[in-house]
Amino acid sequence: MGDAYDVAVIGAGTGGYSAALRARGLGKRVALVERDDRLGGTCLLRGCIPTKALLRSAAVLDTVNRSDEWGIKASGEADWSAVLAFQQRMVEKNVKGLTGLVGQRGIDVVKGAAKLLPGSAVQVEGSRIEAADVVVASGSAPKLIPGIERTDRIITSDEALALDFIPETVVVIGAGAVGLEFASLYRSLGAEVTLVEMLPHLAPLEDQEISKEIARAFRKRGIEAYAGAAVKSLRQEGERVEVVFDAGDQEKISWVDICLIAVGRGPVTDGLGLAEAGVELTERGFVRVDGLLRTTAPHVWAIGDVADTPLQLAHVSFTEGYAVAERIAGIQVPEIEYANIPRVTYCTPEIASVGLTEARAKEGGRDVRTEKLDFRGVGKANIEGEGGFVKVVAEADGTVRGVHMIGPHVTDLIAEGMLITSWEATIDEVAALIHPHPTLSEGLGEAFLALAGKPLHSV
Ligand code: NAI
């Protein structure tokens, strides 16, 4: 007989640690199993935190190199090893904070690779952990293009974080969040960047007007972007990579220093013994879950990127971790409403959205009302030196269903959109609220004034 817990959580990423913290907060005895040396998973170690640190350095460089616009004489260049050191400091700070928190809360961290045993127990490196409930939160890893192997020059976001030089020429394959962020980063660092997306638009999950605007903004920044483009071949020769792709009716050949593949992330399920424990996977290899995040095995739950739920985002996994911990404790938690979870991409310009796109809102022939408010009409945005827009999608009766933004600091501004769509506010209700001046939030306020038929600065 091994150690006995109420809950064993496999994986200490954002999903796993949030489930562990909440379960412990509800008085459960919790074991948190992690095979990596450090707690934190993709978000802290290889995703959100290190990439946002790099993008912060890139934004500082952009500001310095544009400083004459604000009457300041300066010019900058990246000290790559110092940039990487900043990134590592940010990661370590978060890992240290998380490790301390988990210890303080009285969660037992078990180091090693976990394997499910029938009957909701878990084996870790030869020892058996008994647990009434098991939460699988093993996360995801970057996918490759079928038939293409990773090399020192054909890389994914994982390797990009430790690359010891700034490439001069880059092809980024895939224009989802990872592709857009790295294309933006490398351009800010001075590289010639080509972005290749298979689907007909960049940022294909966003509202089409956002896709058009990011394509325009990237073009203005000198990023060569191709949508509807199919990669035909990819190979490294010496220190160069040849990428051949079809763009419309033209075949393009690029020779570059680095090819970064950003075509999505696949589930991590290796060695977990899921099938033997009765946990079914979907055709795409994700853990099958019901609306309450229960797997097909009793008392085994799945959360975060490994679970077959609509969005692979850190904040989604926090929400799923909390929901599962509370359900294990017997609390009734409604199913998560994925449509009202904000989506944020930290390229320049930033993109953020919540709720339905115009195309989705119109499905089934529904009438919708939309408004697009240009940030160039907002004083604070002009002072920041950035354009973009706020687009609102509402039903004919005025209920707001979607907020889509591109421009300065919209990844922070979207929190207001989240409240609006989640509370099913109407145009008139939001138009009656007073936004502080001069702030970027006036972009939202004025979009609603315009939708309510009483525009202030917009036409
Ligand atoms: P993704 O699935 O969002 O985008 C991948 C893109 O690659 C798609 O647009 C797809 O059409 C394209 N693609 C696939 N195969 C291709 C091919 N052979 N040639 C050209 N294009 C191809 O995946 P991504 O960007 O790798 O991100 C993974 C996950 O991580 C996503 O769920 C994303 O939302 C999340 N993430 C979130 C961030 C954020 O919230 N700021 C930042 C980075 C990632």
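Counting starts at 1 for both ligands and their atoms, following the listed order. Worth saying up front: this structure is predicted, and the values here are computed from it rather than measured.
- Between Glu251 and Lys232 there is a salt bridge, with a side-chain nitrogen of the basic residue lying less than 4.0 Å from a carboxylate oxygen of the acidic one.
- Remark: Lys252 pairs with Tyr226 by the side chain to side chain donor-acceptor pair (under 3.5 Å) rule, at least two apart or across chains.
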Would you tabulate the polar-atom pairs, meaning N/O of ligand 1 against N/O of the protein, with distances under 3.5 Å, reported to 0.1 Å?
residue	atom	partner	partner atom	Å
ligand 1	9 (O)	Glu197	OE1	2.7
ligand 1	9 (O)	Glu197	OE2	3.1
ligand 1	11 (O)	Glu197	OE2	2.6
ligand 1	21 (N)	Met198	N	3.1
ligand 1	23 (O)	Gly264	N	3.4
ligand 1	25 (O)	Ala177	N	3.2
ligand 1	25 (O)	Val178	N	2.9
ligand 1	26 (O)	Gly264	N	3.0
ligand 1	32 (O)	Gln312	O	3.4
ligand 1	40 (O)	Val344	O	2.9
ligand 1	41 (N)	Glu181	OE2	3.0
ligand 1	41 (N)	Val344	O	2.6

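- Using a cutoff of 4.0 Å between basic side-chain nitrogens and carboxylate oxygens, Glu224 and Arg219 are not scored as salt-bridged.
- The ring-ring contact (aromatic ring centres under 6.0 Å, His included) test applied to Tyr346 returns no partner, not counting sequence neighbours.
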In residues 403-414, what donor-acceptor pairs under 3.5 Å come from side-chain atoms, sequence neighbours left out?
residue	atom	partner	partner atom	Å
His404	NE2	Leu356	O	2.7
Thr411	OG1	Glu350	OE1	2.7

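- At most 12 non-hydrogen atoms from other residues, nucleotides or ligands lie less than 6.0 angstrom from CD of Glu283.
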